[in-house]
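Worksheet: one structure, shown below.
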Amino acid sequence: MNTQIIKVDPEHPDIEQIRIAAKILREGGLVAFPTETVYGLGGDAEDAGASKAIYAAKGRPSDNPLIVHICDYSQLVKISSSLPPEAKKLSDAFWPGPMTLIVNKNDVIPHETTGGLDTVAVRFPSHPVANALIRESGCMIAAPSANTSGRPSPTKAEHVIHDLSGKIDAIIDGGPVQIGLESTIVDLTEDVPTILRPGYINKEMLESVVGEVRIDPGILGKENVHVRPKAPGMRYKHYAPKGNLKIVSGDQDKVIAEINRLAEEGENDGKKVGIIATEETKRFYKRGKVISIGDRTDEYEIAHNLFDVLRQMDEYGAELIYSEEFSTPKIGNAIMNRLLKAAAHQVIEV
Ligand code: TXA
Ligand code: MG
């Protein structure tokens, strides 16, 4: 299949270009498009065939449900069987934006889109291109992240082209995304709103609107690896670079010393070594391919660069990858959630 690349200005997309992509969606085709979080791979959410094609293109297990992207609150009402009061409060506060709500579904969205579940994940993105595409197509758009299943989510059109070129009808290139981590998923089908995947909208922000919020114990890290995460996608190994990634945790000086030691050991074994460092620390590493993920004090920059850095490690062909830890105040949870998964929870404490 020839994949059409449609280049647009992310802030003011040319409506004629958007209409080309919208028509593809209406006819059951697949279009990747930028959102403020990561690129999505879109198909008509009401079309079971389009959803099946999304799973096939990504190589994604068909029990892992898709997120339905909307451009108006009324569409959430249209596809849910009942809405708790938190739905309106949270959407008033954070939509359009990087938050996904899980609600009970009615029959409008087929089970092919929701991986067989009776609940549906819904998001109203803020990106002008995503918005224009939903509006012009007249479809609600089912869209997982536009990566091959298991690989880091795409934060640039080049990542999507690398993974999906030849497998989908079109890719809208709107440049790099803003946030770089997938949306916060909030489950509203339990008695207390529960975070199934951490993101830019953090627990405190949610609590300021609806009071008590829980975090799914299944995503809380090492001590809880035996607890099954509720979001099917959080159960799989994910975001993984091809090399063996380990996180080194502890005081900065000790971390640097240990990474230098491991890098030397790896190179002496004839291995290609990659190091994920920061602007503050990169000059202290003497061996391997050192990639800075950004300024240690700028957690939004770290989030923005994370998936791209993991992909750069693959391009370099790193076999062993050592990363510092990024437990920053606001979205450190969300960053470390991705990094820990990428490292299959291998942490070296120093
Ligand atoms: O930021 C985002 O959310 C991006 C952009 C494209 O919007 N999308 C995204 O989609 O990250 P995806 O498919 O890569 O991740 C969706 C996650 C998966 O972990 C999936 O299991 C979970 O949402 N999910 C979807 N529907 C669900 C449901 N009904 N119940 C529980 N988890 C659900
Ligand atoms: Mg994904």
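The first residue of the sequence shown is numbered 1, and numbering continues consecutively from there. Numbering of ligands and ligand atoms starts at 1, following listing order.
Near Leu117, with a cut-off below 4.0 Å to any heavy atom, the atoms of ligand 1 are 28 (C), 29 (N), 30 (N). Near Glu182, meaning under 4.0 Å from any of its heavy atoms, are these atoms of ligand 1: 1 (O), 2 (C), 11 (O).
Comment: Lys89 does not engage Glu86 in a salt bridge, judged by the lack of any side-chain N to carboxylate O separation of less than 4.0 angstrom. A salt bridge is defined here as a Lys NZ or Arg NE, NH1 or NH2 lying under 4.0 Å from an Asp or Glu carboxylate O, and Asp187 with Arg214 fails to meet this definition. Between Lys242 and Glu319 there is no salt bridge, since none of the side-chain N atoms of the basic residue sits less than 4.0 Å from a carboxylate O of the acidic one. With salt bridges taken as basic N to acidic carboxylate O contacts below 4.0 Å, none links Glu280 and Arg296. Using a cutoff of 4.0 Å between basic side-chain nitrogens and carboxylate oxygens, Glu158 and Arg311 are not scored as salt-bridged. Between Glu267 and Lys272 there is no salt bridge, since no side-chain nitrogen of the basic residue lies less than 4.0 Å from a carboxylate oxygen of the acidic one. A salt bridge links Arg261 with Glu258: the closest approach of a Lys/Arg side-chain nitrogen to an acidic carboxylate oxygen falls below 4.0 angstrom. Using a 4.0 Å cut-off between charged nitrogen and carboxylate oxygen, Glu207 and Lys203 count as a salt-bridge pair.
At least one N or O atom of Arg123 sits closer than 3.5 Å to an N or O atom of ligand 1. Checking only distances, Gly233 does come within under 3.5 Å of ligand 1, N or O to N or O. Residue Thr119 places at least one N or O, backbone or side chain, under 3.5 Å from an N or O of ligand 1. Residue Thr35 has no nitrogen or oxygen atom sitting less than 3.5 Å from a nitrogen or oxygen atom of ligand 1, judged on distance alone.
In terms of protein heavy-atom proximity, atom 20 (C) of ligand 1 is closest to Asn64 OD1, 3.2 Å. At the shortest separation from atom 17 (C) of ligand 1 among protein heavy atoms lies Ile185 CD1, 3.5 Å. Among protein heavy atoms, the minimum distance from atom 14 (O) of ligand 1 is reached at Ser145 OG, 2.9 Å. Closest protein heavy atom to atom 15 (O) of ligand 1: Arg197 NH1, 3.1 Å. Of all protein heavy atoms, the one closest to atom 5 (C) of ligand 1 is Thr37 OG1, 3.6 Å. Distance from atom 24 (N) of ligand 1 to its nearest protein heavy atom, with residue and atom name: Pro65 CG, 3.7 Å. Among all non-hydrogen protein atoms, the one lying nearest atom 28 (C) of ligand 1 is Ile102 CD1, 3.5 Å. With respect to atom 16 (C) of ligand 1, the closest heavy atom belonging to the protein is Ile67 CD1, 3.6 Å.
The heavy-atom pair separating Pro65 from Asp63 by the smallest distance is CD-O, 3.2 Å. Listed here is the closest heavy atom pair of Leu76 and Ser80: O-OG, 2.9 Å. Of all non-hydrogen atoms in Gly59 and Ser149, the two that sit nearest each other are O-CB, 3.2 Å. Pairing each heavy atom of Ser327 with each of Met336, the nearest pair is OG-CG, 3.9 Å.
At least one heavy atom of His69 sits less than 4.0 Å from an atom of ligand 1. A heavy-atom separation below 4.0 Å is found between Arg60 and ligand 1. Contact analysis puts Val38 in contact with ligand 1, with a non-hydrogen atom separation below 4.0 angstrom.
Nearest-residue assignment for atom 2 (C) of ligand 1 (options Ala231, Ser183, Gly116, Pro154; heavy-atom criterion): Ser183.
The salt bridge (Lys or Arg N to Asp or Glu O under 4.0 Å) with Lys156 is formed by just one residue from the set Asp173, Asp163, Asp308; it is Asp308.
Between the side chain of Asp216 and the main chain of Lys230, a donor-acceptor pair closer than 3.5 Å is present.
Tyr300 is linked by a ring pair (Phe, Tyr, Trp, His ring centres under 6.0 Å) to Tyr200, counting only residues two or more places apart in sequence or in another chain.
The tally of protein N/O/S atoms under 2.8 Å from the Mg ion (ligand 2) stands at 1.
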